[in-house]
Structures are given as C-alpha cells and as structure tokens.
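Here is the structure we will look at, set down as structure tokens.
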Amino acid sequence: MAEVIQIKDIARYAGQEVTVRGWVYNKTGKGRLQFILLRDGSGQAQCVAFKREMDAEAFEIARGLSQESSVVITGEVRADERAPGIPGGFEIGIRDLQVLQQAQDYPITPKEHGTEFLMNHRHLWVRSSRQWAILRIRATIIKAMRDWLDDQGFLLVDTPIITPAAGEETTTLFEVDYFGDPAFLAQTGQLYNEANIMAFGKVYCFGPTFRAEKSKTRRHLIEFWMLEPEIAFCSLEELMDIEEGLVTHVAAQVLEKHSQELAIIERDVNKLRAITAPFARISYDDAVERLQGLAEATDDPEAKAELAIAWGEDFGSPQETALAEQFDKPVFVYHYPTAVKAFYMTPVAGRPEVCRSVDLLAPEGYGEIIGGSERIHELDLLEQNIDKMGLGREAYQWYLELRKFGTVPHAGFGIGIERTVAWICGLNHVRETIPYARLLNRKYP
RNA sequence: UCCGUAGUAGCUCAAUUGGCAGAGCAAUCGGCUGUUAACCGAUCGGUUCUUGGUUCAAGUCCAAGCUACGGAGCCA
C-alpha cells in the first residue's frame, strides 16, 4: 500500500508511488488514454489511465468513471507541464484504482448554470473550484482577523445568541419561544462587549447575527457573521487606527496565502495590493459636500437624482459607491448626524447634531463593511437617549448599570465577514461568500 | 414593501406576423495513445411555471397568481 497523500503536496512525491482519495472532478478520454481530474479537498490532480500500463479490468473501470464518483487511486507521481490541476504540473500514472461509489447524473456540469439552479444545489456547488477558492479565502480572512486581534492583546469573549431584548431595532428581530417567554436572536454582541471590556480591557466577539430585514440586495444576508471588537479607554481616532490595522492585515494575509485561489476566481490582485495604511479619513460634512459637488458636475439627470443629498440624510447605496469610488482603498467617514445613528453613540462636544461614529467604506462599490463609534459612557445622557427613542429602560437595566460602576470612555466596531469576503474576492453578491446563505426567500439547503 | 425583467428538455438557450416545439451541453452506446469546457457518429430526452380567458389555432395575445433574477429602501 502506497502512502496516502494530499494533492496539495503532490510535488514532493515526484517519482514515488502514492495513493490519493477523492472525487472525479472532470474526465476527458482518448481511446486507450483516459485523463481523470481528481479533487481531494486540498487540490486537484490529473490521473492518467493508459490501457497498456494497467490490467484490462482496472482500465475499464477508469474509462467508465462518472463526474463526482468517489475513488481511491494508486500510481506513480510524475512531473508533466501539460498536467492541469491545483497546483498542477504533476500527474499520477494510475496503476490501480478502487471505486467507492459510482455517481449518477451529477447535476452541476462543467458548463454554465443559472443562479437559482446553483443555489438550489449549494450542497454540491461548494465542490466547484470557484466556490472552493472563495470559502478557503473566507476561512483565512476570519483567521487573519482573529490572529491580528489576539496579537494586539484582545480577548475573545463569546456573547449570547439568544437575548432578552433588542440590540438596536425591534422590528428586525427574529423572535423565538423561550419556554413560553419571548426571546430574540442576537443582532449584535456589542452591549455584552461593553460589559466585558470592564473585565478584560480589549475584547471581541465573533459569531452569527440575525436580522429579519426584508432587504433583497447583493450586500444583505438574513444570517451573517460579524466580528465585533470593543476597547476601553479608546477614542474614535484610535478606533480608526485599529480598523485600519485589522483590514490591511487581512488583505496582506490573503495575498500571501492565496495567490492560487485568487487566480481561480480571477481577482485583480493589484486592487488588493493597494489596501495599505493609511486610509483617507473624511467627515460626514465633507462627504456630503463631495456628493453635492459630484451631483452638480454630472450632466446625467438620473445620476444627479441618485447623488442628491441634503445634510442630515444617511447615504444611500449609490451615494456610498460614488463616495468610495474617489479612493482606491477603503475610506473612513466620521461624525455622522446623530439622528441617523444608534442611541448609544457619543455626541460631538459642542456639536450634538453629529456623533462620534465612523463607517469604513470599501472601494469598488462594496460599500460599508465596518460601522463603529465611541459609546456614551455617562449614565444621564444614555438614559435620556433611551427614553427619547422610546426603547424602555427596563430592558437595558444591566447595560445602564455599567455606567454606575467605573464607567470609562470606550469605543468599538463591527465588521461584516461576508461583505469583507465579497470585497476581497471581488464577488458581485454575498451569497457566494458563505457556505449556506440565508436570504430573504431562501433557507434551503 | 416598491420598480423592472424573466419562467420552454436534467442544464444554458432558440422558436419570424398567433400556424408541425428545436439546438448545444449532460446522460446512454460506439470510435479515438496527451486530453485541458477534447473531438467524431448514434440514441434518449417536453404538463412550454399555474389557473382561467380570447381564437379555427396559443410557447407566443389578455387577466390573476406563483417563483426567480436585477435594482431601491434598510443595514454590516
């Protein structure tokens, strides 16, 4: 029995006999010569069945293999620049093979398919090279974020998914029955993070969040993953430094570890190489002026209407895009109007109509990937805001109590994993960034 | 929720003015010693999204509904 290897390591075994185990990704044949492209999860390798080098029965089995059949193949590794694969350049001359299961009528062929068909077969689509590459990059992005934060002295502190009250908006919560009492799936771990920083200084939570928004766009999921750092004794400017450090590290790690995957998805790596510190930092006031300037400059009445904005309004999707297009890397927009932001954001001293908030807008039309702010740390002000929004103090008792026992200035942000992956990978929809997307009209498979 | 577009073979699509429902791929069988979405020959493959209507005749026209896709709002 030859050594079982992973295809990603194939180059190390040139000249040796090995065993690989996997699935038939594609097959082309030419009579007595059959080429089987085998994938094993780590990569893809061309396995060559040549009638004269095998016994007749084994050759017939190889010739009859169907797409996605599971198979164990033993043979000699040899370098051949004609051989396709991941990494490619090496192939296996089949000596023997064993079929675990002969697949029949695998639906995803190497031709074009529509979105609905592919999403209905997501459990199989994840096997395709492109999806394989994207999901591997997703894993690296998450690891890069966590590694960077851990190295900076942050502690991972998990926050609950079933919660008693709203984080922000009550209308977009998923309600669950908690032994007869209503409870809600978490929209954010932020409020708990604010408790946890008083114990650990710098923390982050990472997990799924749930929003029952009836939004149907390329940037929205009903269930998405978010990483939320929170830092005690932190200003908005320091927060931007942290966000910048995190995002540039992610881009660098993906470039370093995934040239192969980036090539598979045909991502322009120059766009990723541009993601270096510092990012431009502009105020909301400045952003509005820029948009008004753009609206004035254009002759297209439709574009003019899309860009039109009055001070005090939040940015729409086309406006975010137009704003971000002025930069070749992410851009910070800070000091948004207090009225369009959440109740816990600190007002700017001497200018309460704007607050100490900051969004990070990604380039290439990917929009907001991070939202963050300095949190209100004075009890009175926080109580006033909760009353003003009609949220009800009872539900926030514990949160308000944090302001009574050694409250300190603090700040934090949330970064959406799927939006980040879509941007880094250059995808046109977040549905491909998560293995099993939950969308407005889809919870299958 | 609103606006727009679409739904025909397993998949991707075609079907002229309302006049016999078709192609490529996949599958199956055969051929081929270097294929890269191979190629060549053959075979198989249909409730034209649903319901109702107009008509001698509906994939095509009308009405309602369903589903998907694209966009908006909301957001990360």
Side-chain angles (χ1 to χ4, degrees), chain A residues 25-37 44 46-53 59 63-64 66-68 78 80-85 88-89 91 93 103-121 124 128-129 167-169 171-172 187-190 208-228 243 302 305-306 313-321 340-342 359-362 365-372 413-423 428-431 433-434 439-442:
Chain A
Y25 192 63
N26 202 359
K27 183 167 74 81
T28 62
K30 190 140 188 190
R32 294 180 176 79
L33 195 54
Q34 299 287 323
F35 301 95
I36 295 150
L37 190 58
Q44 299 178 1
Q46 173 164 279
C47 301
V48 184
F50 186 24
K51 194 166 188 176
R52 271 173 37 190
E53 292 171 356
F59 179 79
R63 204 171 69 91
S66 54
Q67 195 188 354
E68 291 303 322
R78 57 197 181 215
D80 190 320
E81 60 184 19
R82 292 170 297 186
E91 63 182 21
Q104 273 181 9
D105 297 328
Y106 183 72
I108 302 177
T109 62
K111 295 281 179 179
E112 308 158 49
H113 299 285
T115 302
E116 186 186 7
F117 177 82
L118 290 170
M119 287 303 284
N120 283 337
H121 294 86
L124 304 176
S128 299
S129 296
E168 296 170 22
E169 284 248 8
T171 51
T172 60
Q187 284 184 317
T188 169
Q190 181 203 317
T209 70
F210 308 87
R211 303 209 178 161
E213 290 164 3
K214 301 239 170 179
S215 43
K216 196 182 78 65
T217 80
R218 62 175 68 179
R219 312 174 170 177
H220 283 85
L221 292 166
I222 300 304
E223 176 182 301
F224 68 97
W225 289 67
M226 187 158 64
L227 182 119
E228 295 177 279
E243 295 180 17
E302 232 172 88
E306 272 190 344
E313 293 171 1
D314 205 352
F315 303 125
S317 180
Q319 292 161 337
E320 260 183 18
T321 301
V340 302
K341 288 291 180 183
D359 285 355
L360 184 67
L361 307 184
Y366 285 96
E368 182 184 349
I369 55 168
I370 297 182
F413 65 91
I415 179 165
I417 299 302
E418 288 76 17
R419 285 189 184 176
T420 304
V421 175
W423 164 49
N428 60 16
H429 201 296
V430 290
R431 66 185 158 225
T433 65
I434 186 166
L439 298 161
L440 185 55
N441 291 316
R442 176 176 297 280

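Numbered from 1 within each chain, the chains take letters A, B, ... in sequence-line order. Just so you know, these numbers use all the heavy atoms, side chains as well, and skip hydrogens, waters and symmetry mates.
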Under the ring-ring contact (aromatic ring centres under 6.0 Å, His included) test, residues paired with A:F50 that sit two or more places apart
none
Partner residues of A:F315 under the ring-ring contact (aromatic ring centres under 6.0 Å, His included) criterion, sequence neighbours left out
A:Y284, A:Y336
Sorted by chain and residue number, the salt bridge (charged side-chain N to carboxylate O under 4.0 Å, His left out) partners of A:R63 (sequence neighbours excluded) come out as A:E60
Tell me, please, which residues at least two apart from A:R442 pass salt bridge (charged side-chain N to carboxylate O under 4.0 Å, His left out).
none
In whole angstrom, what separates [X]'s [atom1] from [N]'s [atom2]?
| X | N | atom1 | atom2 | value |
| --- | --- | --- | --- | --- |
| A:E213 | B:rC74 | CD | P | 11 Å |
| A:L440 | B:rU1 | CG | P | 9 Å |
| A:I417 | B:rA76 | CD1 | C1' | 10 Å |

In B/S/- notation, 5' to 3', how is nucleotides 35-44 of chain B contacted by protein heavy atoms closer than 4.0 Å?
BBBB------
Of A:I36, A:D80, A:L37, the residue whose pairing with A:E91 passes side chain to side chain contact (heavy atoms under 4.5 Å, CB included)
A:D80
Write down the distance separating the [atom1] atoms in [N] and [M], rounded off to the nearest Å.
| N | M | atom1 | result |
| --- | --- | --- | --- |
| B:rU12 | B:rG7 | C1' | 14 Å |
| B:rA23 | B:rA15 | P | 15 Å |
| B:rG24 | B:rA42 | P | 10 Å |
| B:rG4 | B:rC25 | C1' | 31 Å |
| B:rA27 | B:rC11 | P | 15 Å |
| B:rU8 | B:rC13 | C1' | 9 Å |
| B:rA63 | B:rA6 | P | 15 Å |

What's the closest nucleotide to the [X] side chain, out of [options]?
| X | options | result |
| --- | --- | --- |
| A:R78 | B:rC74, B:rU33, B:rG34 | B:rG34 |
| A:E320 | B:rC74, B:rU12, B:rC75 | B:rC75 |
| A:F117 | B:rA76, B:rU33, B:rG10 | B:rG10 |
| A:T217 | B:rC75, B:rG30, B:rC74 | B:rC74 |

Please check this pair: side chain of A:T172 against backbone of A:E213, looking for a donor-acceptor N/O pair closer than 3.5 Å.
no
Quick one: list whatever passes side-chain contact (heavy atoms from CB on, under 4.5 Å) with [X], sequence neighbours left out.
| X | answer |
| --- | --- |
| A:I108 | A:Y106, A:H113, A:F117, A:L118, A:H121, A:L124, A:W125, A:S128 |
| A:A362 | A:Y366, A:I369, A:W423 |
| A:S317 | A:R219 |

Return the 5'-most residue of the pair A:H113, A:Q104 with respect to RNA chain B, ranking by each residue's nearest nucleotide.
A:H113
Can you work out whether A:G316 or A:V430 has the more 5'-proximal nearest nucleotide on RNA chain B?
A:G316
Could you check whether A:E228 and A:T188, counting side-chain N and O atoms only, form a donor-acceptor pair closer than 3.5 Å?
yes
OP1 or OP2 of B:rC75 under 4.0 Å from side-chain N/O of A:S215:
no
Check nucleotides 67-70 of chain B against the protein and report each pair of N or O atoms closer than 3.5 Å, with its distance, or say if there are none.
| unit_1 | atom_1 | unit_2 | atom_2 | d |
| --- | --- | --- | --- | --- |
| B:rA68 | OP1 | A:N441 | O | 3.2 |
| B:rG70 | OP1 | A:R431 | NH1 | 3.4 |
| B:rG70 | OP1 | A:R431 | NH2 | 2.7 |
| B:rG70 | OP2 | A:R431 | NH1 | 3.4 |
| B:rG70 | N7 | A:K216 | NZ | 3.1 |

